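Structure record follows, encoded as structure tokens.
Here the structure is a predicted model, which is why all the values come from computation and not from measurement.
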Amino acid sequence: MDNNTDSSNNMAKGNDKNRPYAVVLYGATSFVGKITAHYLTEFLSNAKDKNGANVTWAIAGRDEEKLNELQSKLASKVDIIIANSNDEASLDDMTKQSQVIISTVGPYLKYGEPLIKSCAANGTDYVDLTGEAIFIKDMMDKYQDTAKQSGARIVNSCGFDSIPSDLGVYFTQTYAEETFGETCDVIHMRVKAAKGGLSGGTIASMATIFEEVGEDKSRRKQVANPYLLNDDKDAPNVRQDNVSKPEYDSEHKRWLAPFVMASINTRIVHRTNQLLGYEYGRNFKYDEAMWMKDGVKGQLSSYAMSAGLFGFATAMMIKPSRELLSKHVLPKSGSGPSKEEQENGYFDIRLFGQTANKETIHTKVTGDKDPGYGSTSRMLAQAALCLAQDVSKDDVGGGFWTPASAMGDKLLTRLKAHSGLSFEVVDE
């Protein structure tokens with residue numbers, strides 16, 4: 001499956017490789033930013049081939065004291081850049097110096113736009129870990145044309161949102177096409193197991209989305225649209241399945257519960273399909289859910305998780321209860337799972353595909369660290385390095401992309417080699 005798209009209409013400005021930094025990590029002192037900084041330091045220090053050789057990078061943010069403290073704890077010295085989302089000049093100064101910007105500054109609906117605007121204007125590639133689909137939609141509407149003209153490749157959702165789903169589907173479809181001569185017209189993704197914690201930053205992003213949805217009815221319509229990120233004139237209108245309440249999966253003898261990240265992952269997968277010229281088919285159907293056990297225990301777990309998610313979403317859409325939860329119950333910004341919890345975390349997701357001719361394929365994607373932080377930091381860093389080193393702007397030009405559509409096989413290779421992720425075809 002060829003993930004490269006004709007970029008003849010894109011006018012990349014200059015040669016990014018002449019810029020002093022291959023990568024700048026913006027928001028380096030955030031919880032996930034620190035983890036990413038330590039991972040990049042270790043990876044680039046130990047790399048003996050082109051994946052790490054001669055890569056110059058920097059950490060960036062608004063607080064010089066915190067950046068100096070982080071710098072002192074890294075295994076090797078990196079430069080510091082002071083930049084603030086409230087100061088456009090400082091952002092432009094930063095983006096003009098780098099081939100790729102990694103952004104960990106969320107909630108993106110509140111703080112993300114100025115950096116996207118700067119990257120789009122200055123032809124600078126960009127990756128982030130947002131799970132905020134309405135933010136991506138807003139940015140596409142505002143800066144798609146600018147990014148196409150400047151050559152800036154904007155790739156959102158390069159963490160657990162949504163690389164395992166997006167690259168998992170890409171991997172599954174590639175294998176199906178090679179084996180059966182056709183792609184799957186339906187894929188079900190199921191989270192078999194996951195262990196890890198939430199940070200205050202993740203909670204803040206979720207709170208921001210629920211606040212938007214609670215206050216603006218048009219946002220509710222956007223959130224409900226499975227093709228929200230398909231911006232072609234003739235986007236599909238196939239009714240998509242959505243596991244929003246407890247269901248029983250008779251084929252695999254398991255109960256299903258809603259998966260909180262399905263609302264972003266499914267949108268990213270459908271946009272990938274568009275950007276690949278609908279190689280998955282215009283009638284492609286895709287859904288995600290949590291796997292629970294069989295029997296009464298699994299049924300109770302499914303109902304409990306469904307009720308919990310519904311209650312949380314409802315509470316977060318109402319200002320008084322949202323403020324109460326944020327102040328007294330939920331993790332504070334800057335907090336998150338311990339290093340031990342990150343190291344002991346993992347995830348195991350399964351994808352079940354079927355072609356129009358009823359051929360079936362089962363694949364799995366696993367990660368050996370906490371999905372939201374230990375694994376996410378590695379995915380994010382490798383996505384940035386992939387854009388900087390492996391994907392030519394002659395092959396993939398400016399605009400808003402997804403991980404699979406922009407980087408495809410090249411990113412798969414990196415993730416398997418350096419991120420503790422595996423992508424496999426399995427019997428069941």
Side-chain angles (χ1 to χ4, degrees), residues 85 105-117 128-145 154 156-157 161-162 165 198 200-247 257-274 285-290 303 305-327 329-330 333 400 402:
S85 58
V105 180
Y108 291 89
L109 273 168
K110 288 187 176 180
Y111 306 117
E113 180 174 356
L115 181 55
I116 294 247
K117 178 182 179 182
D128 67 23
L129 44 73
T130 186
E132 303 165 40
I134 53 178
F135 166 74
I136 299 173
K137 171 63 174 173
D138 289 350
M139 297 303 96
M140 286 171 52
D141 289 347
K142 288 186 177 182
Y143 302 113
Q144 174 78 289
D145 291 342
I154 311 296
N156 306 103
S157 304
D161 296 321
S162 298
S165 299
L198 290 175
T202 298
I203 295 296
S205 288
M206 293 172 68
T208 301
I209 294 172
F210 287 129
E211 181 179 353
E212 286 273 324
V213 171
E215 295 178 356
D216 186 343
K217 290 183 179 180
S218 66
R219 288 301 209 186
R220 296 177 204 175
K221 187 175 181 179
Q222 283 188 316
V223 167
N225 180 9
Y227 299 108
L228 175 65
L229 302 182
N230 290 56
D231 58 351
D232 54 330
K233 294 179 180 178
D234 189 27
N237 59 1
V238 176
R239 182 178 178 84
Q240 296 289 326
D241 295 330
N242 179 31
V243 180
S244 59
K245 61 183 185 300
E247 294 182 16
F259 180 45
V260 69
M261 295 176 178
S263 61
I264 176 63
N265 295 338
T266 54
R267 279 60 174 168
I268 292 292
V269 167
H270 285 303
R271 177 158 177 79
T272 290
N273 190 25
Q274 176 203 323
K285 297 183 71 173
Y286 177 70
D287 65 88
E288 299 189 344
M290 295 282 294
Y303 273 86
M305 176 166 284
S306 300
L309 288 174
F310 177 79
F312 176 73
T314 302
M316 294 301 282
M317 284 191 282
I318 302 169
K319 186 175 181 180
S321 55
R322 180 174 63 246
E323 292 179 346
L324 182 67
L325 286 173
S326 298
K327 186 177 293 187
V329 179
L330 302 173
S333 182
F400 281 73
T402 59

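Between Lys217 and Lys221, the closest side-chain pair of non-hydrogen atoms is not below 4.5 Å. For the pair Ser85/Val105, no side-chain contact is recorded, criterion being any heavy-atom separation below 4.5 Å from C-beta on. Put simply, the side chain of Asp138 reaches to within 4.5 Å of the side chain of Leu109, judged on heavy atoms.
For Thr272, the side-chain hydrogen bond (donor to acceptor under 3.5 Å, both in side chains) criterion is met by Asp166, Thr402, not counting sequence neighbours. Contacts of Asn265 classified as side-chain hydrogen bond (donor to acceptor under 3.5 Å, both in side chains), with partners at least two apart in sequence or in another chain: Ser162, Ser165, Glu288. Asp287 pairs by the side-chain hydrogen bond (donor to acceptor under 3.5 Å, both in side chains) definition with His188, Arg190, not counting sequence neighbours. For Asn156, the side-chain hydrogen bond (donor to acceptor under 3.5 Å, both in side chains) criterion is met by Asp128, not counting sequence neighbours. Among residues two or more places apart in sequence or in another chain, the salt bridge (Lys or Arg N to Asp or Glu O under 4.0 Å) test is passed with Asp145 by none. Residues satisfying the salt bridge (Lys or Arg N to Asp or Glu O under 4.0 Å) test with Glu113, not counting sequence neighbours, are Lys142. Listed by chain and residue number, Arg271 satisfy the salt bridge (Lys or Arg N to Asp or Glu O under 4.0 Å) test with Asp231 (two or more places apart in sequence, or in another chain). The side-chain contact (heavy atoms from CB on, under 4.5 Å) test applied to Lys245 returns no partner, not counting sequence neighbours. When the salt bridge (Lys or Arg N to Asp or Glu O under 4.0 Å) test is applied to Asp216, no partner is found at least two apart in sequence or on another chain. Residues meeting the side-chain contact (heavy atoms from CB on, under 4.5 Å) test with Lys137, sequence neighbours left out: Asp141, Gln222, Leu228, Leu229. The ring-ring contact (aromatic ring centres under 6.0 Å, His included) check on Tyr108 picks up Phe135, with sequence neighbours excluded. Annotation: ring-ring contact (aromatic ring centres under 6.0 Å, His included) contacts of Phe312 (sequence neighbours excluded): Phe210.
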| message | Under the criterion side chain to side chain contact (heavy atoms under 4.5 Å, CB included), I'd like the reasoning laid out for Ile136 against Ile264: C-alpha separation, chi angles, the key distance, then a yes or no. | response | CA-CA 10 Å; Ile136 299 173; Ile264 176 63; 4.0 Å; yes
| request: Apply side chain to side chain contact (heavy atoms under 4.5 Å, CB included) to the pair Tyr111 and Thr208, showing each step before the final yes or no. | output: CA-CA 11 Å; Tyr111 306 117; Thr208 301; over 6 Å; no
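Rounding to the nearest 0.5 angstrom, the gap separating the CE atom in Met139 from the CD1 atom in Ile116 is 6.5 Å. One finds the CD1 atom of Ile154 at 8.0 Å from the CG atom of Leu115 (value rounded to the nearest 0.5 Å).
The shortest non-hydrogen separation linking Leu309 to Pro258 is CD1-O, 3.6 Å. Summarising the geometry of Arg220 relative to Gly214, their closest heavy-atom pair is NH2-O, 3.3 Å, with the distance given to 0.1 Å. In terms of heavy-atom proximity, Arg219 sits nearest to Val213 at CB-CA, 4.1 Å. Closest approach of Val223 to Arg267, counting heavy atoms only: O-NH2, 2.7 Å. Looking at every heavy atom in both residues, Glu132 comes nearest to Ile209 through CG-CD1, 3.5 Å.
Heavy atoms of other residues, nucleotides or ligands lying less than 6.0 angstrom from OH of Tyr227 number more than 12.
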